[in-house]
Amino acid sequence: MDVALDPTLGCGQAHRWRKNGDVWEGVIGNDAADIRQTEDGLEFSGTSESALKHYFRAEDDLKVIYSDISSRDNHVSSLAVMCPGMRILRQPAWECTATYILATNANVKRIGCMIDSVCRELGRDIGKGRASFPSPADILEGIDRIDSCRLGYRKDRLIMLAQIVEDGILDPEALKEMDYPECRRTLLGVTGIGPKVADCVCLFAYGHLEAFPVDARISRSLEKVYGVRGGYDRLAAFGRERFGSYAGYAQELLYHSDIIMRSRSQAHSGGEHPI
DNA sequence: CATCAACCTGATCA
DNA sequence: ATGATCAGGTTGA
């Protein structure tokens with residue numbers, strides 16, 4: 001399995017990975033996993049190889065996927081060359097849905113803070129100072145401690161989500177059987193899940209690789225690179241039509257390149273040299 | 001279907 | 001130092 005850890009774990013599709021030296025520390029399911037990139041693969045502890053392969057979607061043939069989206073678009077083609085080994089993850093359905101409900105209208109840093117505190121306050125200790133992402137029952141049982149997580153208006157949305165899952169009104173497992181349109185439609189029925197979150201969950205949890213989530217970054221990229229502008233549906237449709245059945249991979253490449261570009265331009269803009 | 005203000009909170013900027 | 005603005009959106013009018 002060819003995978004580049006840095007772009008895969010560091011580009012914001014999953015929010016719980018932190019790089020400590022050359023080791024990526026995080027949580028996969030209930031495993032406190034540590035992963036390190038070596039010359040010829042991965043070195044890992046705290047989890048199993050099968051769990052790792054599942055999480056990294058080892059069955060995705062990057063060669064096929066990259067060449068498909070590259071053949072459709074020159075810009076993405078050059079990004080693919082610059083960023084080999086970036087993979088879409090397969091995150092646990094419940095966790096992914098809950099974290100993306102929390103990840104609305106906040107910057108990356110704050111999203112990380114919110115999710116960390118939710119795990120710390122409501123999840124279970126899994127060793128190495130890490131905690132699992134809380135189950136719906138964990139959240140409902142610890143509901144009196146949730147204020148300390150400072151989720152703002154996301155708090156009620158998270159509680160409602162936990163409640164409908166606990167009540168069996170929404171079954172994250174059942175959505176695995178659905179195709180992309182049905183999965184998306186079902187998710188959109190949940191309070192707090194709009195088109196962007198629905199597409200993220202479709203892509204990062206349910207493996208609908210044709211999903212093309214449009215966030216603020218992608219919106220900027222599409223305008224800058226392709227001169228396309230418009231509302232959510234228009235931009236998402238553009239992405240799916242242009243990049244095809246692996247539009248989600250193209251989206252991640254565009255997203256990742258925007259991070260690189262913006263961090264570069266910031267570094268050259270001057271004016272932010274503290275001390 | 002497009003537009004728009006309001007919404008928790010914490011960081012950044014003027 | 002203190003107020004405005006913004007940040008990986010969603011909702012309801």
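Here the structure is a predicted model, which means the values were calculated and not measured. Residue numbers begin at 1 in each chain, while the letters A, B, ... track the order of the sequences.
The side chain of A:Asn105 lies closest to B:dC7 when the candidates are C:dT10, C:dG8, B:dC7. Among B:dG10, C:dG8, B:dC8, the nucleotide with an atom closest to any side-chain atom of A:Arg150 is B:dG10. Distance from the side chain of A:Tyr153 is smallest for B:dC8 among the nucleotides B:dC8, C:dT11, C:dG8. Nearest nucleotide to the side chain of A:Ile111, out of B:dG10, C:dT11, C:dG8: C:dG8.
Here A:Tyr255 lies parallel enough and close enough to stack on the base of C:dG8, with planes under 30° and ring centres under 5.5 Å apart.
Without hydrogens or angle criteria, A:Asp31 side chain to A:Ala33 main chain gives no donor-acceptor distance under 3.5 Å.
Taking the nucleotide of DNA chain B with the nearest heavy atom to each of A:Arg157 and A:Lys109, the more 5' of the two is matched to A:Arg157.
In this structure, CZ on A:Arg185 lies 11.5 Å from OH on A:Tyr180, to the nearest 0.5 angstrom.
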Pairs counted only when both distances fall under 3.5 Å, Watson-Crick or G-U: show me the 5' to 3' dot-bracket for DNA chain B, [ ] for pseudoknotted crossings and | for other-strand partners. ..|||||.||||||
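A cation-pi arrangement is absent between A:Arg87 and A:Phe56 under the rule of less than 6.0 angstrom and at most 45 degrees off the ring axis.
Between the side chain of A:Arg110 and the base of B:dT9, at least one donor-acceptor pair of N or O atoms lies under 3.5 Å.
Regarding A:Leu254, its CG atom lies at a distance of 14 Å from the C1' atom of C:dG8, rounded to whole Å.
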